[in-house]
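Letters A, B, ... are given to chains in the order of the sequence lines, protein chains preceding strands, and every chain is numbered from 1. We use all heavy atoms of the structure for the numbers below, so side chains are in, but hydrogens, waters and symmetry mates are not.
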Amino acid sequence: MQFENTATKVANNNIIEGLNPEQKAAVQTINGPLLIVAGAGSGKTRVITNRIANLIANGVAPWNILALTFTNKAAGEMKKRIANLIGESQAEKVWAGTFHSIFAKLLRYDAEILGYDRNFTIYDADDSLSLVKKVLEELNLSGASMSPQSVRSRISSNKNKLITWQNIAENQRMQYDKAFAEVYKRYNEKLKINNAMDFDDLLWNFILLLQKSKDVLNKYQEKFRYILVDEYQDTNKAQYIATNLLARHYQNICVVGDDAQSIYGWRGADIQNILDFKEDYPHAKVFKLEQNYRSTKTILEAADSVIKNNSNQLKKNLRTDNQQGELIDVVECDSDIEEAEYIISTIKNHINSGKSAKDFCVLYRTNAQSLEFEKACRKRNLPYIIIGGMSFYKRKEVKDTLSYLRVLVNPKDAEALLRIINEPTRGIGQTSLQHLINFANSNSIDLLSAFRRANENSNLQKRAVVAATNFANFIDLFRNRLEEEEYSDVAGEYIAETGMINFLTMMGTDEAKDRIRNIEQVINDIANFEMDNPDSTLEDYVQQISLISDIDDKEFGTERLPLMTLHSAKGLEFKEVFIAGLERGLFPLFRADQDPKEEEEERRLFYVGITRAEQKLSLTYSKKRMKFGSVSFQAPSSFLREIDKSLLNMLLPSGEKAQSSSPTFARGAGSTFAAKQHYFSDIPQQEYYSQIEQPQYRFRVGDLVRHKQFGVGKVTGMSGDGANTKITVNFSNIGKKLLLLQYAKLELVKQAK
DNA sequence: TAAAAAATCGTTTTT
DNA sequence: CGATTTTTTA
């Protein structure tokens, strides 16, 4: 005990040392509700970690502290820094993790209360999409009016708001709602049958658990006496309710966030949660961290001049003692190729003169934009890393491997089973599979059991019976072994026996070799996980893996140039940042010009991007850009106009100064012409500049159009002329509609070929 | 049943 | 354009 006291005192000095007064005050507040409004680059992470260390130094047990983040990376970073302050042994006892991973862990203890098995699997967006497709097929709604994508995202956004299918069925406004409620209901039933939860269920089911069992609620309220939520501006309703339930008794809840950096509204995040915190907890203390330690004055001024165009925010006044710094380059490029060439060659030059690749970063709005940057990097032999996008875990062979493991862990997981049953082919084709599914349904057994009892199924061919029985035996064999042996060994042999690797070896191509290595990497990963977590099971491994994203991977420190979306960049910082594609319709993305709320979110995203930069910021846009294999013409982003001109340095890719009266910038920014598609990239530029009055486009059958209310649809017919022109559009959401062209205000999305 | 060819489709952002 | 799904054919 004596010993520990000394240690605590030493730690205590570390904990407050070098903090500014606001930071210190926040760190030293122990009890009661606390809101920390942390501007970009204000040392937020430091305050959070030091505060947790301070709680522990003041006698709070680390296992009574719950710290919730949005990414595993943030959680890992937090743990690492707490460990530096108070030592590994204490730090690892803190409950720090993402909402999803912590709740998943807690759900496993009491899954039975909700009617789930403890070994439930977690469905990612792909899994849940394919489940939606199956439901649509089953209910005979496929092809008709509902696209699986839109149904899935609607289900998700309802779940984020805790809206049940019954709620929708009761309040249905249209026939469409009725059908949707039906799909939603069936989707949930199927999840339950598969003993699976989607991402949103992890939040909602945890709430249900707390509501259903008073014991469980008490248990966790007692356990998590001190709760801390990072990025509070991005919490959705489910996360809000869950944290409030947990904190209700002790009210030791500390939330940290920056309303100016709320960028997940589309995923159900409710910025109101942070704006209303003081109303939820009237006694809450509030601290504002307004001292920025990251960026130059120029960058901060630019960020401020952008964000002040938003209404509805907590007042903040970011300041810095850093230098004024360089002007912000704004570079007008001819094409997306030139844009990538400019950015990558600029970075390459800096690297050649001694700078490090990891000090730079290229940000873009959509993942699709990464392609040209990759090409440019490869051309110059510049190592790069794409964060997000096609992640390791989304690759086919990796998903297949994980699906095999899922079947092993949770034999009810029909999604996983269907995914791998013919990977490699096993002589169980569509017809046989359908017979097996029917057998499972009519006997109310899970799919694997139907495989096991294939010999009772008179519809099956002999060959299929043998194949199905073999497969079931194969799974059962390894399930038995799992009970006795170390799971990493079993998993390794199991995957080897699936035949995937043999199949790929036979192909022999370079790509196949890559895939084999990826599969092996999963096996290694399992072994490492087992070593790191000696008491864990294969269930644990499979469950945590589905909640991991690319940004969590540790490859950052290496000498590679990071490329990522603006969303992925949240929480990161780089000496020099390039933001590409500042074009109307791309950033801010098109639907934002109708809806002010969306536009404000895009602006916050821009704010996030700008404030990632420490020393230097460059913004680029391109006049032409490839979209869907055809060229589209772009106007500069309206956001460029919002930055104070005195902070900008207008350039051409050659490095020459663009005249301040650069035609594109001067006109494009204020004009109303939308990005329009052409099929010849050599249309003279003059035409582009004179296109301020956009000619009336004549729609044709086959065109893809957008309607303000009805969404996107395909033109299937035209009739009449002049003011009487009528147009038939088949909307993906609601089906066919006959509209009067002059009132419909249709917007061209894509021309027919 | 499985591989190859053809057609279709789409672009936010992610735990 | 490139990925994915549907259709055709062996």
Check: How long is the line joining CG of A:Asp336 and C1' of C:dC1, in whole Å?
Finding: 12 Å

Next item on the list: Identify which one of A:Arg152, A:Arg406, A:Lys399 satisfies the salt bridge (charged side-chain N to carboxylate O under 4.0 Å, His left out) criterion when paired with A:Asp124.
Entry: A:Lys399

Next item on the list: Please check the phosphate of C:dT5 (OP1 and OP2 only) for any side-chain N or O of A:Lys133 closer than 4.0 Å.
Entry: yes

Notebook entry, point to check: Can you find a side chain N or O atom of A:Asn367 that sits less than 4.0 Å from OP1 or OP2 on B:dT14?
Noted result: yes

Notebook entry, point to check: How long is the line joining CD1 of A:Ile102 and P of B:dT15, in whole Å?
Noted result: 16 Å

Next item on the list: Would you kindly give the CG-to-C1' distance between A:Leu433 and B:dA2, to the nearest whole Å?
Entry: 14 Å

Next item on the list: Using the test side chain to side chain contact (heavy atoms under 4.5 Å, CB included), find all partners of A:Asn470 that sit at least two apart in sequence or belong to another chain.
Entry: A:Val466

Notebook entry, point to check: From B:dT1, B:dT14, B:dA2, pick the nucleotide closest to the side chain of A:Thr425?
Noted result: B:dA2

Check: Under 4.0 Å between a Lys/Arg side-chain N and an Asp/Glu carboxylate O for A:Arg419 and A:Asp400?
Finding: yes

Notebook entry, point to check: What do you reckon, is CZ of A:Phe529 surrounded by more than 12 foreign heavy atoms closer than 6.0 Å?
Noted result: yes

Next item on the list: Select base, sugar-phosphate, or nothing to describe what A:Tyr264 touches, counting heavy atoms under 4.0 Å on all strands.
Entry: sugar-phosphate

Check: How are the rings of A:Tyr240 and A:Tyr232 set to each other: parallel, tilted or perpendicular (split at 30° and 60°)?
Finding: tilted

Margin query: Please identify which of these residues, A:Asp201, A:Asp413, A:Asp198, A:Asp200, meets the side-chain hydrogen bond (donor to acceptor under 3.5 Å, both in side chains) condition with A:Tyr123.
Written below: A:Asp413

Notebook entry, point to check: Could you state the CZ-P distance from A:Arg426 to B:dA3, rounded to the nearest angstrom?
Noted result: 13 Å

Checklist line | Any A:Ser432 side-chain N or O less than 4.0 Å from OP1/OP2 of B:dT1 | finding: yes

Margin query: Please report the distance, rounded to the nearest Å, between CD in A:Gln369 and C1' in B:dT13.
Written below: 11 Å

Note to self: What's the closest nucleotide to the side chain of A:Thr98 if the choices are B:dT15, B:dT14, B:dT1?
What the structure shows: B:dT15

Item checked: Rounded distance (nearest 0.5 Å) linking atom CD of A:Glu231 with atom OH of A:Tyr264 -> 8.5 Å

Item checked: Toward the 5' end of DNA chain B, by each residue's nearest nucleotide, A:Thr366 or A:Gly427 -> A:Gly427

Check: Quick one: do A:Glu601 and A:Arg604 make a salt bridge, cutoff under 4.0 Å?
Finding: yes

Next item on the list: Quick one: the dot-bracket string of DNA chain B, using Watson-Crick and G-U wobble pairs with both distances under 3.5 Å, [ ] for crossing pairs and | for bases paired to another strand.
Entry: ||||||||||.....

Protein and nucleotides 6-8 of chain C: nitrogen or oxygen contacts under 3.5 angstrom:
none

Check: Nearest nucleotide by nearest heavy atom, which residue falls closer to the 5' end of DNA chain B, A:Asn422 or A:Arg152?
Finding: A:Asn422

Note to self: Without decimals, in angstroms, what is the distance between A:Leu203 CG and B:dT15 P?
What the structure shows: 13 Å

Notebook entry, point to check: Is the shortest heavy-atom distance from the side chain of A:Glu397 to the side chain of A:Val522 under 4.5 Å?
Noted result: no

Next item on the list: Answer with base, sugar-phosphate or nothing: what part of the nucleic acid does A:Phe70 contact at a heavy-atom distance below 4.0 Å?
Entry: sugar-phosphate

Next item on the list: Have a look at A:Ser101 and say if it touches a base, only the backbone sugar-phosphate, or nothing, with a 4.0 Å heavy-atom cut-off.
Entry: nothing

Notebook entry, point to check: Does a nitrogen or oxygen in the side chain of A:Thr565 sit under 4.0 Å from OP1 or OP2 of B:dT14?
Noted result: yes

Item checked: Integer-rounded Å distance: B:dT14 P and A:Trp266 CH2 -> 6 Å

Margin query: Check this for me: A:Lys105, atom NZ, are more than 12 non-hydrogen atoms of other residues, nucleotides or ligands nearer than 6.0 Å?
Written below: no

Item checked: A:Thr431 vs B:dT1: side-chain N/O to OP1/OP2 distance below 4.0 Å -> yes

Check: How many Å lie between CD on A:Glu231 and P on B:dT15, as a whole number?
Finding: 12 Å

